[in-house]
Amino acid sequence: MTEPTSITQRAGRREWCGLAVIALACVLYVMDLTVLHLAVPALSADLQPSSTQMLWIIDIYGFMIAGSLITMGSLGDRIGRRRLLLIGAAAFGVTSVLAAFSTSPEMLIVTRALLGVSGATLAPSTLSLIRSMFHDPRQRTTAIGIWITSFSAGAAIGPVLGGVVLEYFWWGAVFLLNVPVMIALLVLGPRLLPEYRDPDAGRADLPSAALSLAAMLALVYGLKRVAQDGMTATAVVTALAGVGLAFVFVRRQRRLTDPLIDLSLFRIPAFSAALATYGIGIFVLFGGFLFIPQYLQLVLGMTPLEAGLWTLPWALSFVVGSNVTPILARRIDPTWLMGGGLLLAAVGFALLLGIEPGSGLPLIVLGSIGFSLGMSPVFTLTNDLIIGSAPPERAGAAAGVSETAAEVGGALGIAVLGSIGVAVYRRDVEDALPGTLASEQDAAARGTLGGAVEVAEGLPAASGEALMNAAEAAFTTGVHLGALIAAVSSLALAGFVLSRGRVGVLTEEPEPVEEPVDESVDEPVACGDGCRP
């Protein structure tokens, strides 16, 4: 597999240094999804937000990222991927400072929303830049493995680094962690990163961008409400509204001369198969791992920091797996590598079926290592395939679609498996509730394990212990069911991958779209008008 160029260039020190810079930016992109959770107590005491405001403070960052990815991926193809990345980095740094010094809940919600919009420039810009920087297929697979690693590192570092910062500084300091890295990106980016834009790109369609944002916001918000509140009318109607807006968005793209997304990408078999595999893999991972942090804290009695440290094996396994995958892919057919990885993931999820109330930490660690190592080849190779199968001038849009699939897959995993787990908990805990509870206590104990813990603390010893035993057993049953669904889904996905035969390799070369270059010029056609030597 080669790029449609006259000479396939191998990346040098400049490209690998550039990759290190953009990987560091991706670490922060993920950290901001998790680091605020540890700051909630101090933030609540300082700004005194309402419960609704607190939910929006936590969630709005992810919502805006999900809604903006498609637009930002396509915009990078039009104005230049490096330019968009640098604009996003500058905005991310400025809004981080504003968030750190927010004086009201409303100000923090707005700044978190702006952080989400600027953060949405990072993932598609960095992934599409990898396409421009690494033309050799093996080097590109390695680069994408490192890119995937940066997300795992962010997930691992976020809770730990956030805990250290909050030990010595006020809650806003967690946002200031972003500023030095964004300054480094602004200084080093123009020196190390190439520019690429589609010289024939048309004007961006603003109604399409608005439709994309509205569709994703409604869909992800609705799914999140389903996970938290169950199948309420508001949650279902909101999610269905998102699906309807997405349908309108697709119909509009079919009519436009210069669509925000070129739907012909989905007619590339390798692209569609890899995109489906990636999205379903994220669904399985997020849904299967959903209840583990709560189990560590509420059932095993760990502090948030202790629970965060025990999730490090999960994150570090992704780091190892993502970096080993390119080496293995040179010796093992990628289809078999992904299929075998999914089988290993199924075994990892199956181990979680053995945990019992109040125990099971070794199985949790071993299981998380298993499904992390197993999922690593899927995420690395599908992203390589998605970005490699798209025409070079559409790489930004392809990266935006890829990340959007991940966001939707994650939201679906949390909503579907989360709802099932909550339903099982409520069913099993009902018979153990004392009849003497007040209505508010009864509702709290039925709602969540955390509510049951608070109620049990206010009951006589025998009643409280009985309630806790029943609640922990009910929650553990929910964990078992989620793990079982994740294991079966992993097996089904492995069957899909293996049945495709060549889903792990390019079955078609993307058609060159630029004019051929002179054989004596050692510059890839894919660089377009904006390329820098």
Side-chain angles (χ1 to χ4, degrees), residues 148 219 223 226-227 239 243 266 268-292 314 317-318 321-322 325 328-329 332-355 363 366-386 389 401-402 404-421 423-424 477-505 507:
I148 292 288
L219 179 60
L223 292 173
V226 167
V243 174
F266 295 92
I268 302 173
F271 179 88
S272 298
L275 188 67
T277 303
Y278 183 42
I280 296 171
I282 293 288
F283 168 90
V284 172
L285 179 66
F286 274 55
F289 191 71
L290 174 63
F291 294 111
I292 298 303
W314 164 77
S317 297
F318 261 113
S322 299
T325 293
L328 295 177
I332 303 173
D333 182 278
T335 299
W336 289 101
L337 184 56
M338 286 195 289
L342 287 165
L343 294 177
L344 176 59
V347 172
F349 287 121
L351 287 174
L352 300 181
L353 297 174
I355 64 175
L363 288 176
L366 289 175
S368 66
I369 290 174
F371 64 67
S372 298
L373 290 174
M375 285 293 184
S376 298
V378 176
F379 298 159
T380 300
L381 295 175
T382 52
N383 272 285
D384 188 18
L385 187 59
I386 289 167
S389 61
V401 171
S402 171
T404 301
E407 293 288 341
V408 174
L412 275 171
I414 291 171
V416 173
L417 297 189
S419 298
I420 292 173
V424 169
T477 301
V479 174
H480 289 167
L481 185 56
L484 178 62
I485 295 173
V488 172
S489 299
S490 297
L491 291 174
L493 188 57
F496 169 75
V497 169
L498 295 173
S499 69
R500 299 287 298 186
R502 291 177 62 81
V503 71
V505 294
T507 57

To the nearest 0.5 Å, what is the distance between [atom1] on [X] and [atom2] on [Y]?
X: L373; Y: W314; atom1: CG; atom2: CH2; value: 13.0 Å
X: L285; Y: S372; atom1: CG; atom2: OG; value: 6.5 Å
X: D333; Y: M338; atom1: CG; atom2: CE; value: 8.5 Å
X: I148; Y: T325; atom1: CD1; atom2: OG1; value: 9.5 Å

In the structure I gave you, are the side-chain heavy atoms of [X] and [Y] within less than 4.5 Å of one another anywhere?
X: L219; Y: V243; result: yes
X: L385; Y: L381; result: no
X: L344; Y: M375; result: no
X: L343; Y: L491; result: yes
X: V497; Y: V378; result: no

| Would you say S499's side chain and F496's backbone share a donor-acceptor pair under 3.5 angstrom? | yes
| message | One pair to check against side-chain contact (heavy atoms from CB on, under 4.5 Å): L498 and W336. What are the steps and the verdict? | response | CA-CA 7 Å; L498 295 173; W336 289 101; 3.8 Å; yes
Which heavy atom in [X] sits nearest to a heavy atom in [Y], and how many Å separate them?
X: A274; Y: I386; answer: CB-CG1, 3.8 Å
X: A487; Y: A350; answer: CB-N, 4.2 Å
X: S376; Y: S322; answer: CB-N, 3.7 Å
X: A483; Y: L353; answer: CB-CD2, 4.2 Å
X: V284; Y: S489; answer: CG2-CB, 3.5 Å
X: T277; Y: L493; answer: O-CD2, 3.9 Å

| query | For the residue pair F318 and F379, does the interplanar ring angle fall in the parallel (under 30°), tilted (30 to 60°) or perpendicular (over 60°) class? | reply | parallel
